[in-house]
Enquirer: 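This is the structure I want to talk about, given as structure tokens.
These numbers come from the heavy atoms of this one structure, side chains and all, not from hydrogens, waters or symmetry mates.
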2 protein chains.
Amino acid sequence: MEAAAKPAPAAKGRGRRGTRASGDDRERAILETAERLLEERPLSEISVDDLAKGAGISRPTFYFYFPSKDAVVLTIIDRLVAAAAGSREEALATLAQGDPQAGLRRALEDLYGAFRARRAVTLAAAELRMTNPEARDLWAQVMEGWVTDTTAVIEAERARGAAPPGEPARNVATALVQMNERVQYASFAGESPALDQDRVLDVLVEIWLRAIYGSAAHT
Amino acid sequence: MEAAAKPAPAAKGRGRRGTRASGDDRERAILETAERLLEERPLSEISVDDLAKGAGISRPTFYFYFPSKDAVVLTIIDRLVAAAAGSREEALATLAQGDPQAGLRRALEDLYGAFRARRAVTLAAAELRMTNPEARDLWAQVMEGWVTDTTAVIEAERARGAAPPGEPARNVATALVQMNERVQYASFAGESPALDQDRVLDVLVEIWLRAIYGSAAHT
DNA sequence: CAACTCTATCAACACTGTGTCGAGTAAGTC
DNA sequence: GACTTACTCGACACAGTGTTGATAGAGTTG
């Protein structure tokens, strides 16, 4: 849905305002500077001037390439989201054939890996989401994709009798997907009550499996 | 732990800098203005000037009462956190005697209610947490409290044989508590994939019960 | 090659918001 | 009536954002 594959058709207001040019280097320099600085400090502590300086241009020149700091980060998030969408497709394919429980684990692993590989960007996305409607929408689309897929899996498993009935599949899917988001964020951000990076998956998988396949025993 | 009961001993830098005075009215006016404005728009769109104007004072005078906008919101969050801590104690007491599963539901209900009752403040807390270390720490303490309690419950249930073994109790507790936070936030904020306000509890309770008491059946 | 265009650049400006300083006023208190 | 203490705000200094207008250079193109 969101964007095309690689050439990037420059969505709406995002990106440079003119057309193509050799200033592609500058544009790339800005994006790279942003990614680099995000490894060091939160988005709120990065100014347009930092990005301009990092790319070797003045602040006004920055505005020739991007309409705002947010636009730079949105471009970066777009790429992360596109990569993650790839992971999701793959995961779905794996799930379709073979043991769904093992497939589920692999799916969660892929997703986790996609975001952990770009930890700083993931964190920036969460930060930007708080103040920027476009970021909020973009993230909402991502979440919606996973919720939809997860809902389908749960319904399929219930239909074939492998999973017991329970709360509406979409509701369960929503809660599980949001749990993953939060748990992964806390882990990446190094929050205080948070799971160890290498235990995240074990815990999430266990809860997903129990939520989908387990019925609560009664005392 | 955090603060005292009602007189508020003015923690560290927070609150007015002098001592007591009739200017208590002003301080209250600022806090009330902040709460009112937070019902209307996000924290990032509220300026110190808005708070001062709302309290009928000039901007410099605002700084006589609070060192920053963040300090005002932190004070408000403190109160929410204190109220929520009350709910937690109550919930724990309920849990201690009687049916743990019913108790668990009541506990989640109380928590949910405490935050839903102050939706705007809850949302502001999440926003502030992104940029303010003090807010981050405060929230971390809150989370830690619930994780600790939940861990104890899970371990007790496993010990008495009511719950099957599984991932370390604290890890499961962490994931569940974080799930609740995220799901409730999404619901309050009216995000796009989010649970309906009146279905949140049913879904969360089912997942908690299955995560704690259910073992995943194998296909 | 001269006129013309288009990309690219930046100094200087206008604006918004934060936080501080210092000079007050007004209400006790001794 | 002199002195403190609580409180108030105009004016300032700063930091950050986004815009304007002038200009330089690299290609066309007649």
Enquirer: Take D50(B) and E45(B), measure what side-chain contact (heavy atoms from CB on, under 4.5 Å) needs, and give me the verdict at the end.
Expert: CA-CA 9 Å; D50(B) 292 333; E45(B) 284 168 27; over 6 Å; no

Enquirer: Taking atom P of dG16(D) as reference, at what distance in whole Å does atom CG of D50(A) sit?
Expert: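 Value for this atom pair: 8 Å.
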
Enquirer: Quickly work out the F66(B) CZ to dT18(C) C1' distance and round it to whole Å.
Expert: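 From F66(B) CZ to dT18(C) C1': 17 Å.
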
Enquirer: Between P60(B) and V48(A), which is nearer to the 5' end of DNA chain D once each is assigned its nearest nucleotide?
Expert: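 So the residue in question is P60(B).
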
Enquirer: Considering only dT9(C), dG18(D), dG16(D), which nucleotide approaches the side chain of F64(A) most closely?
Expert: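 Minimum distance to the F64(A) side chain belongs to dT9(C).
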
Enquirer: When you look at CD of Q197(A), are more than 12 heavy atoms from neighbouring residues, nucleotides or ligands closer to it than 6.0 Å?
Expert: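 Yes - once you tally the heavy atoms of other residues, nucleotides and ligands closer than 6.0 Å, there are more than 12.
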
Enquirer: For a quick test of reading the model: is some side-chain N or O of T61(B) closer than 4.0 Å to OP1 or OP2 of dC9(D)?
Expert: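 Yes, T61(B) has a side-chain N/O under 4.0 Å of OP1/OP2 on dC9(D).
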
Enquirer: How about W208(A) and N180(A): does a side-chain donor come under 3.5 Å of a side-chain acceptor?
Expert: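 Yes.
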
Enquirer: Go through the steps for R105(A) and L209(A) under the test side-chain contact (heavy atoms from CB on, under 4.5 Å), then give the verdict.
Expert: CA-CA 9 Å; R105(A) 189 188 172 94; L209(A) 292 181; over 6 Å; no

Enquirer: Within the structure, does a side-chain N or O atom of Y65(B) lie under 4.0 Å from either OP1 or OP2 of dT8(D)?
Expert: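 The answer is yes; a side-chain N or O of Y65(B) sits under 4.0 Å from OP1 or OP2.
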
Enquirer: Tell me the interatomic distance from I57(A), atom CD1, to dT7(C), atom P, rounded to whole angstroms.
Expert: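 After rounding, the reported distance stands at 17 Å.
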
Enquirer: Between the side chains of E191(A) and R182(A), is the shortest nitrogen-to-carboxylate-oxygen separation below 4.0 Å, so that they form an ion pair?
Expert: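 The answer is yes: the pair qualifies as a salt bridge.
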
Enquirer: Measure distances between side-chain N and O atoms of R59(B) and base N and O atoms of dG19(C), and say whether any donor-acceptor pair falls under 3.5 Å.
Expert: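 Yes.
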
Enquirer: If the cut-off is 4.0 Å, is R26(B) near the phosphate of dT8(D), judged by side-chain N/O to OP1 or OP2?
Expert: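 It does, given that an N or O in the side chain of R26(B) lies less than 4.0 Å from OP1 or OP2 of dT8(D).
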
Enquirer: Would you mind reading off the distance between I46(B) atom CD1 and dT18(C) atom P, rounded to a whole angstrom?
Expert: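 To the nearest whole Å, that distance equals 11 Å.
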
Enquirer: Measure CG/D25(A) against P/dT7(C) and give the value in whole Å, please.
Expert: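 The answer, rounded to whole Å, is 16 Å.
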
Enquirer: Once you round it to whole Å, what is the distance between P of dC9(D) and CZ of F62(B)?
Expert: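 So the two atoms are 14 Å apart, to the nearest Å.
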
Enquirer: Within this structure, what is the CG-to-P distance between D49(B) and dT20(C), rounded to whole angstrom?
Expert: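 In whole Å, dT20(C) P and D49(B) CG are 16 Å from each other.
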
Enquirer: Distance check needed: dG16(D) P versus D70(A) CG, whole Å only.
Expert: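 One finds 16 Å between P of dG16(D) and CG of D70(A), rounded.
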
